[in-house]
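The structure under discussion appears below in the form of C-alpha cells.
All ligand and atom numbering here is 1-based and tracks the order in the structure. The analysis underlying the following values was restricted to heavy atoms, covering all of them including side chains, and did not include hydrogens, waters or symmetry mates. Just so it is clear, the structure is predicted and the values come from calculations on it, not from any experiment.
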Amino acid sequence: MSAGSCPVARSVSAGAAAFDPFGERYQADPPASLRWSRDEEPVFYSPEIGYWVITRYADVRAVFRDNVLFSPSIALEKITPVSAAATRKLAEHGYAMDRTLVNEDEPAHQPRRRALMGSFAPEALAEHEPMVRELAREYVDRFVDAGEADLVDEMFWEVTLTVALHFLGVPEEDVPTLRKYSIAHTVNTWGRPSPEQQVEVADAVGHFWRYAGEVLAKLRADPSGPGWMPCSIRLQQQMPETITDSYLHSMMMAGIVAAHETTANAAANAVKSLLENRSAWDELCADPSLISNAVEECLRHNGSVAAWRRVATADAEIGGVSIPRGAKLLIVNSSANHDERHFDDPDGFDIRRDNAADHLTFGYGSHQCLGKNLARMELQVFLEELTKRLPHLERVPGRELTYLPNTSFRGPEHLWVRWDPAANPERRDPGLLGREHPVRIGEPVRRALARTVTVDAVEPVADGVVSVTLAGSGLPRWTPGAHIDVELGELSRQYSLCGDPADPDRYRIAVLREPGSRGGSRFVHDRLEAGQVLRIRGPRNHFRLAPDAGGHVFVAGGIGITPIIAMADQVRAAGGTYEIHYCGRGETTMAFLDRLREDHGDALTVHARGDRLDVAALLAEPVPGGQVYACGPRGLLDAIEESMRHWPADSLHVEHFGAVEALLDPAREHAFDVELADSGGTVAVPANGTLLSALRAAGVDVPSDCEEGLCGSCEVAVLDGAIGHRDRVLTKAERAAGRSMMTCCSRACGSTLRLGL
Ligand code: HEM
Ligand code: FES
C-alpha cells in the first residue's frame, strides 16, 4: 500500500500542505525552500506527492544507513504516475528496466556491489586521470579565444558523458543522441511531465533502452576490452546468479545516467557557486591545492542530487515521528547539507570548511555512490583547468538560470560565462598549459586547508598570558567552544577562540607561556608581533553547548577559561541558568577576570590561591538535565570526571589540548579485521597501520583532523567487539559503553570489530 493511499487520518501542517517539489520555490533552491521544515517539522507527510519528506541531517543519514528498514527499491520508480498511453509506448520498445545496484535490496545487492567494485579502486581510477584531463583541455581549447561560452553545452555535458562512456567501456559515437535520452530518463523518473509530454518522454526512454540493449550485444560479442561493462560481462560468466542479464541491460542504461548527468550538473553548480563567491574563485586561481576541498563544499552547498528515495519495509520511527510500513520517503539530502545542527553557518560558502565532505550528496552507507571518486576527479580537473586558463571568467549578466523541473537531479540547463581573451594568461605564459596539480582521489586532506591572517595585536592580559588578535577578511563564523589550529613555525597548536563570534574580521585567542613548551607558546610570547602573517586552520568545535540543558556549570582552570567565555556569554544572552567556577594560582595569573566580573558577576566564583574549588562538593548532586563543561589541567579534569561517575552519561563535556597517550608502535600491535555493517565487507587493519588509513584505502570516507586522538573528527560507531581506546576525546563512561572509537589511534583488543560504517 502506498503512503499516498494510506487511510490513516493525519493532520497536515500549512507548510506540509504547501510543499511542492515541482514548484518554483523548491526548484529555485531546495534547501532554502525547506528551511521551515528543518526548524519546525523535520519529518512531514506531503499530500501533494504522497511521500514522507525528511529534511534534517541526522534523520536523512539514518535513513540512508538502514537499507533494510528503508529499502532503496523505489529509487528509480517514476515519481509521477504513468499514463496508459506512455505505458503502451514503453511496452512497444520492450522496456523492462529492472533492479541495478542503486535500487537493489539485500541480500542481492552486497555481493553484486562487491563483485563490481574493482573498477572504482583508487589505482584503477588513477588510470583515467590523463583521459579526463585531455578531454577537459580539448574542450577549453575550443572556446578559449571566443570570449563567451555556455559551459554546460560547450563542455560539461559532453566531457562528462565521454568520460562516463570511457569508464563504462562503451563506444562514444552517439554523444548527442545520448544527451537527449538522458534528459528523458530524468523527466521520466523524477519529473512531472504533462500527459502529452509523457508519451514523448516514454518514446525517448524506450529508444534509450533499445540503444542500451544494442551496445550490450556488441560488447557481449567481444567483452575483452577495458571498462566497467566489459568487466561486468566477463564476471557474469563466473557468477551468473549475481550478475544477471536483466541487471546488465538495466545497468547499461542507468550507469550512463548515474555517471553522466550527476557529474555534468555538479560541475555547472560548482562553477556557479564559485563565481557567485568571487573571493573563493580567486583563491582557487591563486592556490590550486584548495580545489579538492572546494569541490566538497560545492557538492555540499549546491549538490547535483537534491533528494533521493526509500520505502519503509516495516513500521518505523524517524526523528520521533511514526512512519507506517509501505510509506514512501523523499530524503532531501540537499536540505540535510544545510542543516545547522551539523554544519556551522550552513548557508555560508567556505571552501576551507573542515567538514564539507560530510555532505550527503553521494548518499551514505551501503549504497553510497560508487562513482564518487571518479566524479571528484572530474570536478577537480575541470576547476583546475578553468581557474588556470580563465581566471577572469564571470557570469554573463542577464542570463537567468533555468532548471529541468524534477525532485532529484539538479543543475542549470545552461551556464553562460564571458572573459576577455586578450587577457588570457596563456597568451603571456604558454608554459602554464602544461602545469597541473595532482588530483586527490578520495576525501580531501583537511590539514591542507589553512588560511592566512595577520596578527593585529599581541597584548598581555595576565602574568604569563598574552591575548592575540588575528585579522582577516570574511573569516568563517564560529560557535562558542570552537578552536583554531595555528601554525607556528614547524609546529601547529590548538587555541580556543575567546573573542566575539559575530565579528567576521577578527579572531582572538589567549596563550599561556608554558615552561615545558615544545616551542608553541614560546614562539607566541617571544616572537609574535603585530603585522606578522600566520596560517590558521578551522575553526572547529568539539566543545559545544548542549541544547535544551537544564542548567550549565562551567569549570575553568587557568588558561582553560578561553573557550568558557564565549560559551557563558551565549548562555547569558539566551537567558539560561549557569555558573562559572574559575580556578587559578592567583588573581594576577588569571586572564580576563575583570571582563568576567563585569559581565558575569553573579554567576562567577573565583577560586584563587587559598580558596580551592571542592570539586566533589560542587558535583555531589546531579542536576536534572544539567551539563558540566570543563577545560583546564589534567588533574582538574580527572577530578571532575571522577566526581561525576553518578551523573547521567552525557553530562560532562571536556576540552583537551595535549598529545595523545599512545602512538602506533608496530612491534607491540596486532593486526585485526573490521566488519562494516552499513556498507558491507571486511577491512583488514595491519599491525603497522591505523584503522583510519585502512578504511580510507578501502574507499570508506572517514573525516580526520588531528590524527592524534585529540579532536574527535574520526569517530565511528562500534556495534560489536572490544576496543582499545587511546584517544583523549571520549569520557570514561563513553569508553566503558564501547559504542564508538577514534579510528586514527584506537584499535581492537581482539581480532575483530564490527563498525557502524
Ligand atoms: C549511487 C550521487 C557520480 C555511479 C548514487 C547515489 C547518489 C549518487 C545520491 C545513491 C546513494 C545511496 O543510495 O546511498 C552521485 C553524484 C555524482 C555521482 C552527486 C556526481 C557528482 C557517479 C559516477 C558514477 C556513479 C561518476 C559512475 C562512474 C553510481 C553507482 C551507484 C550510485 C553505481 C549505486 C551504488 C549502490 O547502490 O551500491 N550516486 N553520483 N555515480 N552512483 Fe553516483
Ligand atoms: Fe582527531 Fe582522530 S583525527 S581524534
Side-chain angles (χ1 to χ4, degrees), residues 60-61 63-65 67 70-72 75-76 99-106 109-110 112-114 116-117 119-120 125 128 132 160-161 163-168 227-228 232 251 254-270 295-296 298-299 303-310 331 333-334 354 359-379 408-411 446-447 494 540 542 656 660 678-680 690-692 702-716 726-730 741-746:
V60 169
R61 202 164 95 140
V63 172
F64 269 126
R65 182 189 291 137
N67 68 322
F70 303 113
S71 154
L76 301 183
R99 301 295 179 95
T100 59
L101 268 179
V102 81
N103 54 357
E104 182 62 285
D105 280 315
E106 303 306 346
H109 166 258
Q110 266 311 331
R112 189 178 283 170
R113 180 168 164 121
R114 249 174 261 152
L116 298 168
M117 271 178 87
S119 305
F120 296 94
L125 287 181
H128 295 289
V132 173
T160 54
L161 182 51
V163 171
L165 296 178
H166 272 286
F167 177 80
L168 293 168
W228 198 39
S232 306
M251 195 65 203
I256 295 174
V257 179
H260 163 223
E261 228 177 314
T262 49
T263 316
N265 283 331
N269 290 339
V295 162
E296 301 304 318
C298 292
L299 287 166
S304 55
V305 172
W308 209 242
R309 286 179 290 163
R310 294 281 196 261
I331 41 178
N333 41 350
S334 55
D354 77 322
H359 65 74
L360 298 174
T361 302
F362 290 128
Y364 177 79
S366 58
H367 283 270
Q368 196 193 36
C369 179
L370 259 184
K372 63 185 177 183
N373 289 336
L374 178 61
R376 284 169 164 158
M377 176 199 289
E378 291 183 62
L379 296 170
S408 298
F409 276 20
R410 187 182 155 74
R446 294 184 182 191
R447 286 168 180 269
Q494 300 183 325
R540 269 175 271 279
H542 307 301
H656 285 288
V660 74
D678 293 350
S679 47
T690 63
L691 170 56
L692 179 67
V702 180
S704 74
D705 176 31
C706 69
E707 303 197 0
E708 285 188 286
L710 296 173
C711 73
S713 19
C714 65
E715 181 173 7
V716 300
R726 305 186 183 178
D727 62 279
R728 285 278 182 85
V729 182
L730 297 176
M741 70 188 288
M742 300 302 147
T743 53
C744 68
C745 56
S746 300

Take Arg376 and Glu296 through the test salt bridge (Lys or Arg N to Asp or Glu O under 4.0 Å) and record every step on the way to the result.
CA-CA 8 Å; Arg376 284 169 164 158; Glu296 301 304 318; 2.8 Å; yes
In sequence, state the C-alpha distance, the side-chain angles, and the governing distance for Thr100 and Asn103, and then conclude on side-chain hydrogen bond (donor to acceptor under 3.5 Å, both in side chains).
CA-CA 6 Å; Thr100 59; Asn103 54 357; 3.3 Å; yes
Should Leu116 and Ser232 be marked as a side chain to side chain contact (heavy atoms under 4.5 Å, CB included) after you check the CA-CA gap, both sets of side-chain angles, and the distance that decides it?
CA-CA 7 Å; Leu116 298 168; Ser232 306; 3.4 Å; yes
Checking Ser71 against Asp105 for the side-chain hydrogen bond (donor to acceptor under 3.5 Å, both in side chains) test, could you report, in this order, the C-alpha distance in whole Å, the side-chain angles of both residues, the deciding distance, and whether it holds?
CA-CA 6 Å; Ser71 154; Asp105 280 315; 2.8 Å; yes
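Close contacts between ligand 1 and Val305 involve ligand atoms 2 (C), 9 (C), 19 (C) [criterion: under 4.0 Å to a heavy atom]. Atoms of ligand 2 found under 4.0 Å from any heavy atom of Cys714 (numbered from 1 in listed order, with element): 2 (Fe), 3 (S), 4 (S). Counting the atoms of ligand 1 from 1 in the order shown, those under 4.0 Å from a heavy atom of Ala266 are 21 (C). Shown in contact with Gln368 at under 4.0 Å from a heavy atom are these atoms of ligand 1, numbered in order with element: 14 (O). Taking every non-hydrogen atom of Gly709 and a distance limit under 4.0 Å, the qualifying atoms of ligand 2 come out as 4 (S). Counting atoms of ligand 1 from 1 in the listed order, those under 4.0 Å from a heavy atom of His109 are 36 (C), 37 (O), 38 (O). Close approach of ligand 1 to Gly363 is summarised as follows: ligand atoms under 4.0 Å from at least one heavy atom of the residue are 9 (C), 11 (C), 14 (O). For ligand 1, the atoms lying closer than 4.0 Å to a non-hydrogen atom of Arg310 are 12 (C), 13 (O), 14 (O). Interface of Thr263 with ligand 1, defined as ligand atoms under 4.0 Å from a residue heavy atom, comprises 3 (C), 20 (C), 26 (C).
By the criterion of a heavy-atom distance under 4.0 Å, the backbone of Tyr364, and not its side chain, is placed next to ligand 1. With a 4.0 Å cut-off on non-hydrogen atoms, Arg114 does not touch ligand 1 at all. With a 4.0 Å cut-off on non-hydrogen atoms, Phe362 touches ligand 1 through its backbone as well as its side chain. Residue contacts with ligand 1 for Leu374 involve side-chain atoms from C-beta outward but no N, CA, C or O (heavy atoms, distance under 4.0 Å). Contacts of Cys369 with ligand 1, taken as heavy-atom pairs under 4.0 Å, involve both backbone and side chain.
Under the 3.5 Å distance criterion, the side-chain polar atoms of Arg113 are matched with a main-chain donor or acceptor of Ser366.
Polar contact check, Arg113 against ligand 1: a nitrogen or oxygen pair lies under 3.5 Å apart. For Glu378, no nitrogen or oxygen atom sits less than 3.5 Å from a nitrogen or oxygen atom of ligand 1, counting backbone and side chain alike. Note: an N/O pair closer than 3.5 Å links His367 and ligand 1 by distance alone.
In this structure, Trp308 has its ring center at least 6.0 angstrom away from the ring center of Phe64. Taking the six-membered ring where the residue is Trp, the centroids of Tyr364 and His367 are separated by 6.0 Å or more. Ring to ring, His128 and Phe167 are close: their centroids are under 6.0 angstrom apart.
Remark: distances from the non-hydrogen atoms of Ser304 to ligand 1 include one below 4.0 Å. For the pair Lys372 and ligand 1, no heavy-atom separation below 4.0 Å is found. For the ligand labelled ligand 1, residue Arg376 lies outside the 4.0 Å heavy-atom shell.
Between atom SG of residue Cys744 and atom CG of residue Leu691 there is a gap of 9.5 Å, rounded to the nearest 0.5 Å. Note that the OG atom of Ser119 and the CG atom of Leu370 stand 9.5 Å from one another [nearest 0.5 Å]. Met742 CE to Leu692 CG: the interatomic distance, rounded to the nearest 0.5 Å, is 12.0 Å.
In terms of protein heavy-atom proximity, atom 22 (C) of ligand 1 is nearest to Ala258 O, 3.3 Å. Nearest to atom 9 (C) of ligand 1 among the protein's heavy atoms is Thr361 O, 3.4 Å. Given atom 24 (C) of ligand 1, the protein heavy atom at minimum distance is Gly371 CA, 3.4 Å. At the shortest separation from atom 10 (C) of ligand 1 among protein heavy atoms lies Trp308 NE1, 3.6 Å.
For the residue pair Ala307 and Ser408, the shortest heavy atom distance occurs at O-OG, 2.9 Å. When all heavy atoms of Thr743 and Val716 are compared, the closest pair comes out as CG2-CG2, 3.5 Å.
Ranked by closest heavy atom to atom 28 (C) of ligand 1, the top entry among Ala254, Ala259, Ser366 is Ala259.
Atom 2 (Fe) of ligand 2 has Cys744 among its coordinating residues (N/O/S atom, backbone or side chain, under 2.8 Å).
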